[in-house]
Amino acid sequence: DAKQSGRSKYSFFNADMLNLSSNRLMLESELHKALENNELFLLFQPQVSLWNEKIVGVEALIRWQHPTKGLISPLDFIPIAENSGLIMPIGEWIIDQACDQLALWKDTHMSEATLSINVSAKQVLHQDLYSYIEAAIERTKIDGRFLELEITESVIMENINETVRILSRLKKLGVSIAIDDFGTGYSSLSYLKKLPIDKLKIDREFIKDIPNDKDDIAITNAIISMSKSLSLKIVAEGPETKEHIEFLQNSKCDIAQGFYYSKPITIVEVEKLALHMSK
Ligand code: C2E
Ligand code: MG
Ligand code: MG
Ligand code: MG
């Protein structure tokens with residue numbers, strides 16, 4: 001008996017879990033060095049107007065080129081960065097990169113494009129984003145309205161009043177604010193009118209089975225019409241097929257960001273594609 005409960009007690013620490021946590025610790029210590037060793041880089045995914053099929057913006061998506069493990073997805077290291085506090089210096093690096101890029105785009109064919117960056121809950125609630133972004137805008141002399149911050153619903157619901165206060169202050173810098181992965185978080189819609197937001201991004205989950213899934217069609221149409229009533233711009237995440245695009249155009253969705261138009265690519269490729277699509 002005692003032996004059995006003893007066994008079950010210790011069976012918590014199986015080899016898999018040990019591997020998992022030591023792997024995590026290892027990645028965390030390697031992530032510390034990744035920033036200084038220039039192993040982190042950004043790819044950019046175009047956001048295309050569904051009205052004229054021109055590139056109106058790009059989203060910056062982080063990647064980690066690990067010296068031995070190869071390319072690591074943000075889904076695997078952003079959570080580690082968030083839990084370890086590393087998300088702060090990484091977040092600052094991204095803000096600098098984004099503002100530098102917007103400065104380079106001044107007086108080019110990209111001068112009207114927005115650049116979106118993902119901001120995690122930790123950054124919104126615990127980092128002085130306002131001061132950092134204010135300084136970056138001043139340093140690069142960019143127009144703040146071309147910088148967009150993407151925030152997920154879960155960030156907002158974690159601390160709604162504090163988030164409203166912080167986002168309202170950020171808006172004073174001219175930056176725009178988008179709700180990312182919309183529809184997957186807590187479905188309290190009342191916060192939408194409290195928040196100083198400009199854009200909703202419908203999660204790919206609702207797009208991928210269109211036109212086969214009638215519920216997804218209904219939900220997507222409802223989100224689009226709601227965002228119009230609230231004067232919010234609307235972006236569909238992850239359209240991959242001609243059918244997706246045609247549906248979204250018929251539904252009067254403004255912008256699409258998905259593999260149909262482009263995967264995340266380098267900045268040089270974005271600039272070329274934008275030129276090509278402007279013709
Ligand atoms: P997200 O912000 O919702 O970004 C969209 C994700 O969907 C990207 O994955 C993109 O490659 C993928 N995607 C876009 N179109 C399609 C499509 O047509 N089909 C499919 N299958 N996927 C598509 P990615 O780059 O792996 O990023 C995953 C998530 O990691 C992001 O989701 C975001 O939450 C997070 N992330 C990425 N970069 C950063 C960053 O710089 N900071 C923070 N805090 N989070 C980031
Ligand atoms: Mg995003
Ligand atoms: Mg998203
Ligand atoms: Mg997503």
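Whatever order the structure lists ligands and atoms in, that order sets their numbers, starting from 1.
Checked against the Mg ion (ligand 3), the N, O or S atom of E237 at the shortest distance is OE2.
In this structure, E82 falls outside the shell of residues with a heavy atom less than 4.0 angstrom from ligand 1. For P239, the closest heavy-atom approach to ligand 1 falls below 4.0 Å. Assignment of E59 to the shell around ligand 1 is supported, since a heavy atom sits closer than 4.0 Å.
Evaluated by nearest non-hydrogen atom to atom 39 (C) of ligand 1, the leading choice among I62, I95, L43 is I62. Across the listed options F259, F182, F77, F259 owns the non-hydrogen atom lying nearest to atom 16 (C) of ligand 1.
Geometrically, R169 engages Y130 in a cation-pi contact, judged by NZ or CZ lying under 6.0 Å from the ring centre and within 45° of the ring axis.
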task = For the pair E53 and Y261, evaluate side chain to side chain donor-acceptor pair (under 3.5 Å) and give the outcome as yes or no after the intermediate values.
result = CA-CA 9 Å; E53 296 203 303; Y261 288 115; 2.3 Å; yes
inquiry  = Does K263 form a side chain to side chain donor-acceptor pair (under 3.5 Å) with Q45? I'd like the steps, not just the answer.
reply    = CA-CA 6 Å; K263 290 193 171 173; Q45 189 178 31; over 6 Å; no
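Below 3.5 Å of separation, one finds an N or O of Q45 facing an N or O of ligand 1. Between L61 and ligand 1, a contact under 3.5 Å exists for no N or O pair. Inclusion of Y260 in the set of residues having an N or O under 3.5 Å from an N or O of ligand 1 is not warranted.
Those atoms of ligand 1 with a heavy atom of D181 less than 4.0 angstrom away are 3 (O). Taking a cut-off of under 4.0 Å to the non-hydrogen atoms of P264, the atoms of ligand 1 that pass are 11 (O). Set against the non-hydrogen atoms of E240, the atoms of ligand 1 under 4.0 Å away are 17 (C), 18 (O), 19 (N), 20 (C), 21 (N).
Remark: the backbone N or O of V175 is not paired with any side-chain donor or acceptor of E148 at under 3.5 angstrom. Using modelled atom types, no side-chain atom of E240 and backbone atom of Y260 make a donor-acceptor pair closer than 3.5 Å.
Here D181 reaches the Mg ion (ligand 3): one of its N/O/S atoms is less than 2.8 Å from the metal. The Mg ion (ligand 3) has D180 among its coordinating residues (N/O/S atom, backbone or side chain, under 2.8 Å).
Under 4.0 angstrom from ligand 1, there are no non-hydrogen atoms of T152. Of all the heavy atoms of K263, none lies under 4.0 Å from any atom of ligand 1, so neither backbone nor side chain is involved.
Residues R63 and P74 meet the side-chain proximity criterion, which asks for heavy atoms closer than 4.5 Å. Two residues are said to be in side-chain contact when any heavy atoms from C-beta on lie closer than 4.5 Å; D180 and I151 fail this criterion.
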